[in-house]
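A quick write-up on the structure given underneath.
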6 protein chains.
Amino acid sequence: MSSIAVRNIARPDPAVVDALARFGVATLHEALGRTGLMDTAIRPIYSGAALCGPALTVLTHPGDNWMLHVAAELLRPGDVLVIACSAPNGDGMFGELLATSYKARGAKGLVSDTGVRDVKAISALGFPVFARHISAKGTVKATPGSVNVPVVCAGMLVNPGDVVAADDDGVVVIPRDRAAELAKAAQAREDKEAATRQRLAAGELGLDLYGMREALAKAGLRYID
Amino acid sequence: MSSIAVRNIARPDPAVVDALARFGVATLHEALGRTGLMDTAIRPIYSGAALCGPALTVLTHPGDNWMLHVAAELLRPGDVLVIACSAPNGDGMFGELLATSYKARGAKGLVSDTGVRDVKAISALGFPVFARHISAKGTVKATPGSVNVPVVCAGMLVNPGDVVAADDDGVVVIPRDRAAELAKAAQAREDKEAATRQRLAAGELGLDLYGMREALAKAGLRYID
Amino acid sequence: MSSIAVRNIARPDPAVVDALARFGVATLHEALGRTGLMDTAIRPIYSGAALCGPALTVLTHPGDNWMLHVAAELLRPGDVLVIACSAPNGDGMFGELLATSYKARGAKGLVSDTGVRDVKAISALGFPVFARHISAKGTVKATPGSVNVPVVCAGMLVNPGDVVAADDDGVVVIPRDRAAELAKAAQAREDKEAATRQRLAAGELGLDLYGMREALAKAGLRYID
Amino acid sequence: MSSIAVRNIARPDPAVVDALARFGVATLHEALGRTGLMDTAIRPIYSGAALCGPALTVLTHPGDNWMLHVAAELLRPGDVLVIACSAPNGDGMFGELLATSYKARGAKGLVSDTGVRDVKAISALGFPVFARHISAKGTVKATPGSVNVPVVCAGMLVNPGDVVAADDDGVVVIPRDRAAELAKAAQAREDKEAATRQRLAAGELGLDLYGMREALAKAGLRYID
Amino acid sequence: MSSIAVRNIARPDPAVVDALARFGVATLHEALGRTGLMDTAIRPIYSGAALCGPALTVLTHPGDNWMLHVAAELLRPGDVLVIACSAPNGDGMFGELLATSYKARGAKGLVSDTGVRDVKAISALGFPVFARHISAKGTVKATPGSVNVPVVCAGMLVNPGDVVAADDDGVVVIPRDRAAELAKAAQAREDKEAATRQRLAAGELGLDLYGMREALAKAGLRYID
Amino acid sequence: MSSIAVRNIARPDPAVVDALARFGVATLHEALGRTGLMDTAIRPIYSGAALCGPALTVLTHPGDNWMLHVAAELLRPGDVLVIACSAPNGDGMFGELLATSYKARGAKGLVSDTGVRDVKAISALGFPVFARHISAKGTVKATPGSVNVPVVCAGMLVNPGDVVAADDDGVVVIPRDRAAELAKAAQAREDKEAATRQRLAAGELGLDLYGMREALAKAGLRYID
């Protein structure tokens with residue numbers, strides 16, 4: 001199995017990433033036509049963690065975190081590390097030392113289909129991490145994988161430079177060439193929701209606000225007293 | 001499949017609900033003879049969430065939250081929404097906008113056998129939610145289900161107007177016609193526990209306090225030095 | 001099935017336990033040659049819970065917590081209760097009253113392969129608990145098990161007097177006769193990591209710090225621009 | 001918790017049960033408007049097992065199969081035993097001896113939300129069993145439950161006398177008062193499918209047979225060469 | 001979300017597919033450098049099922065099998081249907097009628113990340129099916145997805161025309177442009193294994209046959225009597 | 001982590017093993033006082049597989065099957081290989097070639113807490129295998145583990161030379177020094193069951209045969225007509 005590390009990847013316009021970072025994952029996922037959501041088993045390791053940035057992808061092998069060191073050199077400030085693995089594995093591949101290194105070099109956070117450890121120290125650093133597993137078990141450095149190749153992480157294809165956004169609701173992958181369009185769609189959705197929220201907070205019903213009564217009757221709903 | 005929405009349901013005496021709300025789920029479950037506990041996979045979306053109130057039941061179909069809007073109109077202040085689904089589904093059927101609407105209309109919280117989203121916003125609202133899944137994935141409004149019919153939620157039968165109580169220990173369902181009797185049984189249990197707690201805190205042993213030594217010896221326990 | 005309770009067990013030197021308590025589980029697990037980690041399904045019931053102490057082991061039967069009362073008498077200040085079960089079971093065997101009793105008698109915390117309840121009250125007590133399940137369901141007192149026999153808890157063999165340490169990263173079991181040696185190995189590891197952490201925080205790369213570049217090239221890694 | 005055993009329950013017309021027994025579970029589930037399907041974790045213990053008959057319901061407690069002996073006396077030839085439990089439990093509550101007894105008294109099979117054992121012997125008897133768990137672990141006879149009360153089994157409400165049908169596709173519950181109507185609906189569905197099957201086997205396309213092309217175009221499907 | 005159906009895709013040379021079909025999945029996975037294996041939760045619905053052919057990919061939405069009818073027209077004899085879904089879903093999207101249609105049009109089998117039903121009838125047809133779920137629950141035809149776009153199925157990226165092979169050991173995806181090279185590598189591996197198998201069957205030890213003794217000693221293995 | 005292979009272990013009397021082999025796992029587990037049952041997630045890879053013999057234990061590391069070759073030399077005819085792993089792992093560590101080697105050297109079968117592959121070929125060989133996972137993924141030979149040390153397999157402690165028995169109902173571990181006594185207890189149980197089976201097959205009720213009616217009444221069971 002060949003092992004490569006791609007130094008230069010195309011990243012989206014930083015202004016677009018900043019625009020996307022203002023929205024929650026649920027809004028971005030809606031704006032994407034409900035595509036791009038990773039497996040919901042990926043959860044934040046501390047409540048309130050959130051991130052948004054271009055993906056620097058890492059393909060590892062089970063029980064081996066060697067490529068996470070290769071990634072440290074290739075990451076650019078603002079990047080989000082996306083860790084995939086060639087087979088299901090829950091080992092604690094990522095911990096306090098790598099978090100310290102990644103943070104020092106400007107990374108925005110990490111999303112991993114495998115395991116992490118040093119939860120307390122990483123939470124104290126305020127480095128946002130989303131992972132499938134938490135495990136104290138460490139890893140070896142014996143089999144090289146790849147950096148910045150397309151990977152499948154938590155059931156989603158991630159290309160290097162795609163935008164990855166994560167919060168308490170999950171993780172969404174936004175194809176790089178749709179990032180700009182998405183930021184606009186998300187804003188439009190949010191604008192619309194702001195008005196709706198106010199009316200609902202005042203006690204108005206969604207049935208009226210969205211005009212659902214006729215459609216429900218046509219679909220067969222009967223009210224009974 | 002017929003789709004109905006029942007407008008008026010029998011609810012328990014509000015004073016009884018208030019009495020029940022003072023107890024934890026573990027106490028209520030004991031007082032119920034250890035019945036009525038939902039599947040333990042239903043968890044609070046924020047630590048410390050708790051609710052108690054008559055159930056307004058909603059039967060949905062996978063990936064479709066249309067009936068949650070119908071429910072908004074039928075709920076009465078103090079109600080707890082109980083969301084069941086005709087097949088296993090983890091989509092984020094309930095989010096910030098519906099939470100805003102339900103809170104505005106006086107609901108006490110929501111228990112869902114499916115998924116929810118907008119965790120951060122709902123937590124900020126202080127609207128207690130217990131769910132099987134968290135997912136950013138939204139839903140359509142295409143197939144009507146029913147409101148205020150008996151449903152099975154997380155393995156438990158819930159009739160409209162049954163009292164549902166939930167906290168960090170889980171979710172329990174109290175049949176409406178047993179609610180008043182339960183409040184008394186729970187109080188009796190709590191009174192007894194208060195005295196026990198004080199004696200245990202002072203270092204007394206349960207073995208002596210509960211008089212277990214003889215029964216243990218009879219059951220075959222041998223001490224070895 | 002015979003039921004015994006062993007009154008006196010060999011415990012490690014308290015100074016050694018104090019020394020071990022200063023390290024995180026990930027560090028201890030590394031120092032142990034990556035052995036001794038319990039199944040990662042055992043999680044703290046509140047964020048930040050941590051414990052370290054000699055194991056007082058309890059073998060229970062499903063749905064029966066009788067032996068937890070026997071254990072209360074046999075525990076010594078500083079002990080960690082380790083609860084195993086003769087078959088998989090998620091009932092809430094341990095709750096506020098037992099926590100009050102154990103705390104009053106000096107226990108450092110509890111690790112359970114079954115379930116616990118009264119999460120809110122136990123968290124308020126500040127009594128560290130790690131468990132596989134949370135369930136409001138109580139238990140009977142009908143079948144005696146054993147105290148201070150070797151048990152398998154979450155896939156790991158625990159002998160009475162072994163040191164058990166737990167934090168947000170998981171639970172590790174340290175054989176009693178290796179405890180002293182472990183404390184030294186963990187300290188050596190931590191000393192080394194402190195220096196590494198500082199260099200990584202300053203932006204230095206692990207690739208250089210650990211001298212990995214040549215090994216990676218030999219293993220076949222190719223860089224592409 | 002009260003313990004009752006109801007001797008006489010209303011059962012559906014045997015001719016209706018015979019009519020329902022000719023259909024597969026998928027067909028019955030469709031005819032029911034896609035309701036009534038138990039959790040898909042309930043699987044046959046041998047390939048090809050199938051059953052159909054009125055439910056004789058048994059509510060047990062974890063690790064206790066006492067009520068299965070009470071049920072043996074109350075069952076009528078043609079009945080299907082439906083085993084529920086007051087809390088999740090995987091013990092082998094049902095084995096060769098009970099299967100021998102039930103078969104001798106005319107039962108058609110068993111559906112259990114808990115565990116079974118003696119898989120080889122039961123398969124040799126040809127007694128159809130569907131269960132959530134397989135476990136060699138036996139049970140005690142200490143706490144009485146109930147027979148012929150409404151139970152929740154694998155997420156579905158089952159009333160005594162409801163028809164339960166099971167095959168390799170799962171288990172479906174048919175309310176007793178809808179059984180006759182269901183048999184007709186299932187037959188109509190099957191008649192229609194027979195013709196469709198023949199045309200599809202001849203290579204005709206569902207797109208044409210069901211007239212889907214226009215609806216797909218309207219829904220936005222574009223063909224690309 | 002756009003919905004497209006691609007009519008023409010590049011397929012590998014049929015002679016290469018025939019060559020690959022002679023090998024088991026474990027051999028192909030080894031020859032691929034241990035990449036391409038789908039999540040092991042995908043299992044055959046009957047023992048001994050096996051398939052090999054170019055992937056015709058179908059992207060569905062939860063609870064909706066409309067695109068499986070579109071796929072029936074676009075498949076070519078020898079194709080393997082690969083069903084992905086935009087969110088986790090276990091409904092029985094594929095059953096006897098579609099199996100009849102697909103078989104009539106020459107498909108070699110189906111791999112699904114969702115659910116299937118009519119297990120008995122499909123097994124009788126001898127149409128190989130591998131799926132994550134078995135469920136009697138049917139689906140609607142309301143939301144169009146896509147055919148012959150890249151999909152992620154069971155954690156693996158599948159491009160239309162990639163070769164998919166499956167047997168009792170699992171499912172492997174072979175990129176189309178590596179298919180010819182793979183057939184050769186697999187044959188070389190199988191030739192080598194045939195000789196090894198004969199020597200092991202005669203009682204020779206792998207330790208000697210593979211010359212492992214020195215390496216084991218160097219790695220620290222000590223023998224004890 | 002030290003790596004050792006123990007050449008000589010104490011095994012039980014072969015006549016005792018033969019005696020135990022005549023009983024099913026459920027009977028042995030009962031005779032053992034309901035202890036010794038492995039996690040029920042360990043299942044036979046083909047229906048009807050069964051084994052009984054002294055354990056030759058192997059401790060592996062995730063993704064590494066090197067020690068399985070060391071074990072091949074140390075096994076004696078009649079042994080059962082018991083594979084444990086230092087961390088959860090589902091890789092296919094054991095396949096056709098090792099099965100060929102083990103069978104040639106007289107092993108009775110294998111029980112693994114990790115994964116196996118080549119299901120079809122091993123089934124054809126008639127070599128009984130029980131495993132937690134099935135996966136086509138192969139393993140490396142890089143890190144030595146140990147042979148014939150005490151291991152925890154599927155939650156149970158197994159000492160080398162303990163008797164391991166497995167069939168469709170699960171896997172049970174019998175301590176070597178209790179093997180002879182167990183064979184007698186199992187025979188006594190079976191003798192008793194034979195008479196019971198005959199009476200139940202003739203339609204007699206367990207209620208009468210076991211004399212349960214009085215105890216049930218005392219426990220509170222009420223019959224209702």
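In what follows, every heavy atom counts, from backbone to side chain, and hydrogens, waters and symmetry copies are set aside. On a predicted model such as this, the values are computed, not experimentally measured, just so you know.
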ask   = Heavy atoms, side chains only, cut-off 4.5 Å: are B:F94 and B:I83 in contact?
value = no

request  = Measure the CG-CG distance between B:L98 and A:L200 for me, rounded to the nearest 0.5 Å.
outcome  = 7.5 Å

request  = Output the distance between atom CG (B:L74) and atom CG (A:L205), rounded to the nearest 0.5 Å.
outcome  = 9.0 Å

query = Based on non-hydrogen pairs under 4.5 Å, which of B:G115, B:G138, B:G145 is most in contact with chain A?
reply = B:G138

Looking only at non-hydrogen atoms, find the nearest pair between [X] and [Y] and report the distance.
X: A:A71; Y: A:V58; value: CB-CG2, 3.8 Å
X: B:A49; Y: B:P44; value: CB-CB, 4.0 Å
X: B:A185; Y: B:A31; value: CB-CB, 4.0 Å
X: A:V163; Y: A:P12; value: CG2-CG, 3.6 Å

ask   = With only heavy atoms counted, which part of A:L216 is less than 4.5 Å from chain B, the side chain, the backbone, both or neither?
value = both

note = Whatever's closer than 4.5 Å to a heavy atom in chain B on A:A215 counts as both

Please list every donor-acceptor pair closer than 3.5 Å that links chain A with chain B, giving the two atom names and the distance for each.
from, atom 1, to, atom 2, distance (Å)
A:E30, OE2, B:R117, NH1, 3.0
A:E30, OE2, B:R117, NH2, 2.9
A:R34, NH1, B:T139, O, 3.1
A:R34, NH2, B:T139, O, 2.9
A:D169, O, B:A136, N, 3.3
A:D169, OD1, B:D118, N, 3.0
A:D169, OD1, B:V119, N, 2.9
A:D169, OD2, B:D118, N, 2.5
A:R197, NE, B:E96, OE2, 2.7
A:R197, NH2, B:E96, OE1, 3.1
A:G203, O, B:R105, NH1, 2.6
A:R213, NH1, B:E73, OE1, 3.0
A:R213, NH1, B:E73, OE2, 3.3
A:R213, NH2, B:E73, OE2, 2.9
A:R222, N, B:S3, O, 3.0
A:R222, O, B:A5, N, 2.9
A:I224, N, B:A5, O, 2.9
A:I224, O, B:R7, N, 2.7
A:D225, OD1, B:R7, NH1, 3.2

request  = Using non-hydrogen atoms and a 4.5 Å limit, figure out which bit of B:V149 sits close to chain A: side chain, backbone, both or neither.
outcome  = neither

ask   = Given a strict heavy-atom distance threshold of 4.5 Å, which part of B:V70 is in contact with chain A: side chain, backbone, both, or neither?
value = both

